[in-house]
There are 2 protein chains.
Amino acid sequence: MKTHTESEENYIKALYHLGGDQPVSNGDLAQRIGAKGSSVTQAVKRLGQKDLVDVVPYKGVQLTAEGVRLAKAILRKHRLWETFLVDKLGFGWEEVHPLAEQLEHIQSEELVDRLFQFLGSPKHDPHGDPIPERDGQMPPVLGQPVGAFVTGNEIRIVRVEDAGTEFFDQLDTMNINLGNTYMVQATSAFDASVQLSSTSGSFWLSKDMCANIYAIRL
Amino acid sequence: MKTHTESEENYIKALYHLGGDQPVSNGDLAQRIGAKGSSVTQAVKRLGQKDLVDVVPYKGVQLTAEGVRLAKAILRKHRLWETFLVDKLGFGWEEVHPLAEQLEHIQSEELVDRLFQFLGSPKHDPHGDPIPERDGQMPPVLGQPVGAFVTGNEIRIVRVEDAGTEFFDQLDTMNINLGNTYMVQATSAFDASVQLSSTSGSFWLSKDMCANIYAIRL
DNA sequence: TTTTTATTTTAGGCAAAGCTAAATAATATT
DNA sequence: AATATTATTTAGCTTTGCCTAAAATAAAAA
Ligand SMILES: [Mn+2]
Ligand SMILES: [Mn+2]
Ligand SMILES: [Mn+2]
Ligand SMILES: [Mn+2]
């Protein structure tokens with residue numbers, strides 16, 4: 001359980017996000033990290049020497065088992081901290097991600113365990129994303145896009161994609177939150193928008209909004 | 001309010017610890033940081049270019065007003081996090097310092113403010129050290145060493161020095177905690193130890209223990 | 001199957017932050 | 001006042017992590 005730099009951990013996380021345990025191209029990784037390809041070539045070479053990834057030049061980079069383990073551990077911390085920030089400190093769900101990017105690099109197994117307990121052993125973070133367990137197991141990824149339901153379905157919002165500030169602003173102004181339940185009133189054959197209704201009235205959700213909001217059928 | 005590296009912040013903190021706003025020698029700083037003098041010479045040169053310190057070669061390094069401001073901000077974070085770890089997560093007061101060393105570098109004014117509120121606007125950390133206010137004001141440094149009291153005084157423990165693991169272990173085995181109250185039963189003219197009594201009995205505190213435990217008279 | 005284009009790697013630089021060894025300045029001792 | 005000792009700085013080297021420009025490789029188009 002040696003210790004890694006913040007940069008290393010960010011590469012591991014990016015690789016997991018992009019490909020899980022599958023190979024990822026230099027270009028995709030560079031884009032995600034926000035660095036030039038040449039920097040990425042060097043970085044993954046370093047990770048390779050630590051056996052966190054397998055590198056095949058010109059072909060791609062792939063997390064090793066140990067790399068995947070580490071990625072999940074970081075993701076666990078990220079999502080636990082997001083949960084803390086929202087549930088305990090009252091941050092809005094749209095503002096916690098950058099903070100969690102910092103907090104996810106704090107090194108202490110004990111801290112993670114205690115935080116987990118303090119938060120009531122949560123399975124999902126404030127956006128509905130699954131929080132990896134201590135042993136690396138992943139709780140289910142909940143829900144289907146709102147566009148996947150049909151008229152008459154009763155649904156509950158269980159997850160939202162991190163689709164940027166404007167998306168979260170839109171959720172806010174439309175008063176849409178995790179846990180809200182709606183009835184699917186209609187679906188537009190023209191623009192793939194969906195009409196939802198609740199006790200407080202009804203409204204239309206654009207195709208783009210639908211694609212980033214996930215729900216389960218009740 | 002630009003952003004600083006972890007190393008820079010550690011130098012600032014060390015300078016504040018060693019000299020406050022007074023000059024500090026290269027050697028002392030090197031010792032505190034745990035680096036060689038030559039590394040320190042370079043580091044403070046960098047800090048000087050950012051106007052966080054004034055450097056007089058061969059003479060010493062001194063925090064600027066901005067440097068002091070930053071030092072206090074970091075100390076505030078350090079002590080708030082320690083309070084969080086003990087009060088909310090149930091860590092022992094002897095184990096939180098290294099964790100706070102990491103957490104103190106998280107950058108977010110908002111997080112600090114919310115944490116402060118969440119903790120009930122504390123004035124002192126779990127060791128009784130004052131937590132700098134938002135504006136840099138310092139709450140009082142509480143108490144006098146236990147050796148300073150005389151027979152018959154009723155006292156309350158309000159602060160302990162960070163004197164290492166063994167010291168904290170000793171406090172634990174003797175069941176001494178912040179807030180405990182005692183009567184000074186006797187003071188030894190031979191070895192400067194002090195006899196304290198409470199409802200649960202009486203015991204002798206060595207000179208070295210006394211020097212690191214601070215109390216107020218009731 | 002060439003040729004062109006896009007992707008990736010190499011080569012060479014730079015800044016931060018550490019190190020060792022050598023030079024220099026400041027103190028202390030005779 | 002001259003010398004020896006200690007403290008500090010300089011010089012030169014290392015690793016991490018980023019960059020640009022050029023070379024090499026792979027993929028796509030002709
Ligand atoms: Mn996030
Ligand atoms: Mn990160
Ligand atoms: Mn501390
Ligand atoms: Mn620190």
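Model, not experiment: these values are computed from the prediction. Per chain, numbering begins at 1; letters A, B, ... match sequence-line order.
Between A/N26 atom CG and C/dT10 atom P the separation is 11 Å, expressed in whole Å. Between the P atom of D/dC18 and the CD atom of A/E8 lies a distance of 10 Å, rounded to the nearest Å. Put simply, CZ on A/R46 is 14 Å from P on C/dT9, counting in whole angstrom units. Distance B/H4 NE2 to C/dA16 C1': 15 Å, rounded to the nearest Å. Between the P atom of D/dT15 and the CD atom of A/E6 lies a distance of 22 Å, rounded to the nearest Å. Atom-to-atom, CG of B/L29 to P of C/dA17 comes out at 14 Å; the value is rounded to the nearest Å. Regarding B/L47, its CG atom lies at a distance of 12 Å from the C1' atom of C/dA17, rounded to whole Å. Atom CD1 in A/I33 sits roughly 17 Å away from atom C1' in C/dT8 (whole-Å rounding).
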Restricting to nitrogen or oxygen on both sides, can you table the protein-nucleotides 26-28 of chain C pairs closer than 3.5 Å?
{"from": "C/dT27", "atom 1": "OP1", "to": "B/K59", "atom 2": "NZ", "distance (Å)": "3.1"}

Run A/Q62 and A/V55 through side chain to side chain contact (heavy atoms under 4.5 Å, CB included) and show every step you take.
CA-CA 7 Å; A/Q62 191 171 15; A/V55 188; over 6 Å; no

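Both the sub-6.0 Å distance and the 45° axial angle are satisfied by A/R76 relative to the ring of A/F116. Both the sub-6.0 Å distance and the 45° axial angle are satisfied by B/R114 relative to the ring of A/F91.
Between D/dT10 and B/K45, a contact under 4.0 Å exists linking OP1 or OP2 to a side-chain N or O. Listed pair A/S39 / D/dC18 fails the phosphate criterion, with no side-chain N or O lying under 4.0 Å from OP1 or OP2. An OP1 or OP2 oxygen of D/dT16 is reached within less than 4.0 angstrom by no side-chain nitrogen or oxygen of A/Y11. Remark: B/K36 is in phosphate contact with C/dT20, judged by side-chain N or O atoms under 4.0 Å from OP1 or OP2. Note on B/T5: a side-chain N or O is less than 4.0 Å away from OP1 or OP2 of C/dA17.
In terms of modelled atom types and a separation under 3.5 Å, the side chain of B/K77 and the main chain of B/I106 share a donor-acceptor contact. Here the side chain of B/D125 pairs a donor or acceptor atom with the backbone of B/G128 at under 3.5 angstrom.
Closest approach to the A/Q42 side chain among C/dA16, D/dG17, D/dC18 is made by D/dC18 (side chain taken as heavy atoms from C-beta onward). Distances from the side chain of A/S38 to the nucleotides D/dT20, C/dC19, D/dC18 place D/dT20 closest.
As judged by a 4.0 angstrom heavy-atom cut-off over every strand, A/S7 is placed among residues touching the sugar-phosphate backbone only. As judged by a 4.0 angstrom heavy-atom cut-off over every strand, A/G37 is placed among the base-contacting residues.
Side-chain contact annotation: B/H97 with B/H127, donor-acceptor N/O pair under 3.5 Å absent.
Side chain B/S25 to base D/dT8: no donor-acceptor pair is found below 3.5 Å.
Looking only at side-chain heavy atoms (C-beta outward), A/D191 and A/K207 stay at 4.5 Å or farther from each other.
The aromatic rings of B/F84 and B/F118 are tilted relative to each other, their planes meeting at an angle between 30° and 60°.
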